[in-house]
Structures are given as structure tokens and as C-alpha cells.
Amino acid sequence: MPAFRLRRMIRGVVFAIALVAIWLGVFALTAGLPWDAPLNSGKRLTLEGRDFLVRSGTGKLGARGLEISAFGADGTALQTARLGRARSEQTPILRYRISDFPKTLELALIFRRSDAPEDVQSISLPAPILPEAAVDLTRLPQWHGEILEVGFAEYAAGQVVAPDNAQFAPFRIERVSLQARSWSEIFPRLLSDWFGYRPWALLSISALGPQLETLPTSSMTVAIGIGGVLSLLAGWLTLGWSKRRLLQASCVTALGAWLLLDLRWLDDFLSKHRVIETLYADKSWEERAKIQPDDDTLRAAAELSKFAAEVGAKRILVTGDSQYTTLRLVYFLLPLNAAPMVSVLAASPGGIVPADTLIAVLGNDAKYDAEKHSLQVAATTLSVVPVHEQGALRVYRPSESAR
């Protein structure tokens, strides 16, 4: 064999080894895996479907696991399993095999710790798109100490699917395990991290954005960027590329990375689009308008609009149990003259409210003192009289002393 061919072959082998080392290192760094981690996890707690108890909803034990067939009366399903006293730092990797999980539902991990046995901790998980999903629970601040119990809760995807329109579909819990970190779980973790399905979340009344209250995810963009640059550097050093060849390889790498990231984004978008089609495609525009992820707020707005028309109110100040609920209530009240109460009171230090104004409280902890006829909203006390109440909706008018 000619010497130049031998050198080329040796360089090719060195380049291949360098690529493997680079991408394994990038993936390990992205996954937060220590370099001294073992190849396979020695510490593992495994739960089969039969180990879970159905706390809410309907389920039965089948040949391949626990089959969940219906929600409970509260519109949720819940399954739990006892662990004894498992140390969280010894088993931070959660792997779960759940088959046929419907994307119209949210999947949440719940668990209890020995230091707070009465408190239930929860976090949203990516729905499994592969036979098995894996996540790193060390990214969750609540995951510490001794874990007594773990489980799953399923419910209509928050702010996306109306609870009455969740279109529940049966699914099966086959196997769940908690294990120590190891090199063998890098790829399952990153696949779940980057490709696991997460529902859309609403950041405001009209904007769709990144998910909230979920486990933080690693950046696929950063990983591919670092790996691509290091791979180009390895090719230049080991294969002796010319500047022209390096430029060509850089262009091809950049184009390939862009296509990969764009296809990943497009796949996620199409998955979310299919969920929306499942919920709304076979319905008329009138029916779609009535399907809201927060239908309680919509019903409260309809009741409030009707009452405001009856009493001839010129303005409505609203407050809800969250900023999202408050803004949605204002949105549903359009075209009435409605505004968040806290914002209006901040601009009116004296707390003066006109007589033709209604004050609406929806599920808020604003306290009404019947003896003093006063309503405590944030740091402001208003003199009011109650005029209407239905469910979580309370409506007041300013009293004479408030003007």
C-alpha cells in the first residue's frame, strides 16, 4: 500500500475517533453528565404498572401494565406508588414507559418527600413519543431528600384544551424507574429533552410561547453549534484541509445544522397543530368560539356582562386569582369598558371609584368585611356593597363613603 494512502487512512481513522469523542463530550456536557459516571447505572428502583394504585379516574391492571380508561369526577386521573425511603441524589434519572398517551392531555410527575409528607410536589413532564422517556430530576429544585411516593397526574393541557373537551383516550403505564446517572442514559435523556412533546402554553391572552412550569430543557441549538465547530476544527487539524476545503465544509455543516434545527421546530409545530385539529377541525366556527381552555372564566364573563347590562354599569374593574385570569376576564368582557382593578387603583392613590362602576372578583382571595362593608384588594381598602354573586364570581358597587 502506498505511503500516502496509508497516511490518508490513518488520518481518516483519527478523524472518525475525534468525531466520536467530540460528540460524546458535547452530549455529556449538554446532559450534565459527570465524566466519572459509570457506563451503566448500578442503582435502580423499578416500578411495574401493577405497583401503582389508581387514586383518581378509572383503571385496571392488564397484561402489559396499568390501563387508565377514564378521568375522575374532577376531570383528572392520578396514579401513585410507594417507594419507602429512596434517596433523591442517588436516583435522579426518571425513566417512564407510558404507551398511547394522548397529546390533548398534560402529564405531570407528582411526589412526596419525608421532610414534608403532607405536601405534594408536581412538575409537568414531556409526553413520551418513543417507547420510553427519560428526564433528569436534578433540574427540579424540589427533588431533594428522601422520596416516599411518586406518581403521575393527567389532565387537560393547561391553557390549551378546555377541560370539557379534553377528548380523553385510554393509555397504559407499563414501567417506571428511578436510577443513578450513567453514560448509557445520555441518548434517551437528550431524545426526551429535545423531541419530547410539550403542549403549547399561553404567555398572555393572545400569545403562544414556550412552556411554563416544566423541567428546564437543554439547548439543542448550542449543542449542535459547539459540536459542529469542534468537528470542523478536528477535520482541519487531522485531514489537513485547505482554506477552500474548510470553507466548503463550514458551509455544508451550517446548512445541515440549520436544516436539522428547522425540521425539529417544524415537527414540533406540526405535532401541536395536529392536537388543535383533533380538538376543533370537525366543529363550526360558533362551536369553536365556545371552546375555551378557561371556560369557567368565559361563563363568569357572560354572567357579568348580563348583570352589567341590567344595572347600566359604565365601567367594570376586575380581579382574578391570577394575572392570566384577570386579563382573560377583561378580554372576554369586550367591548365593555373593563380594566384590571389593581392597575386602576395604582393610578388612583385615594381609591376613588365612580358610582357607575362595578367591582368584580373572580376566585380571588380579596376579602370582604361584611361589618365594615369593605373590600381588601392588594394594599387598598374599598368601601363597597355586594350586589351579585354566582359561584366564584362576586360583584360589588362602591358605597357612598368610597366616593
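In summary, the side chains of Ser192 and Arg95 do not present any donor paired with an acceptor at a separation below 3.5 Å, with no hydrogens or angles considered. One side chain, Ser218 or Asp193, offers a donor N or O that lies under 3.5 Å from an acceptor on the other. Of the N and O atoms on the side chains of Glu106 and Ser124, at least one donor lies less than 3.5 Å from an acceptor on the other residue. Of the N and O atoms on the side chains of Thr80 and Arg55, at least one donor lies less than 3.5 Å from an acceptor on the other residue.
Separating the CD atom in Glu174 from the CD atom in Glu67 is a distance of 9.5 Å, to the nearest 0.5 Å. Rounded to the nearest 0.5 angstrom, Trp143 CH2 and Leu94 CG are separated by 7.0 Å. Interatomic distance, Trp23 CH2 to Leu230 CG, rounded to the nearest 0.5 Å: 8.5 Å.
Salt-bridge annotation for Glu89 and Arg87: present, with a side-chain N of the basic residue lying under 4.0 Å from a carboxylate O of the acidic one. A salt bridge links Asp136 and Arg189; the closest N-O separation between the charged side-chain nitrogens and carboxylate oxygens is under 4.0 Å.
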Enumerate donor-acceptor pairs with a distance under 3.5 Å from any side-chain N or O in residues 24-37 to protein atoms, sequence neighbours excluded.
unit_1, atom_1, unit_2, atom_2, d
Thr30, OG1, Val26, O, 2.8

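Residue Gln323 places its CD atom among 12 or fewer non-hydrogen atoms of other residues, nucleotides or ligands, all under 6.0 Å distant.
Using a distance-only test at 3.5 Å, with no hydrogens or angles considered, no donor-acceptor pair links the side chain of Asp267 to the main chain of Arg264.
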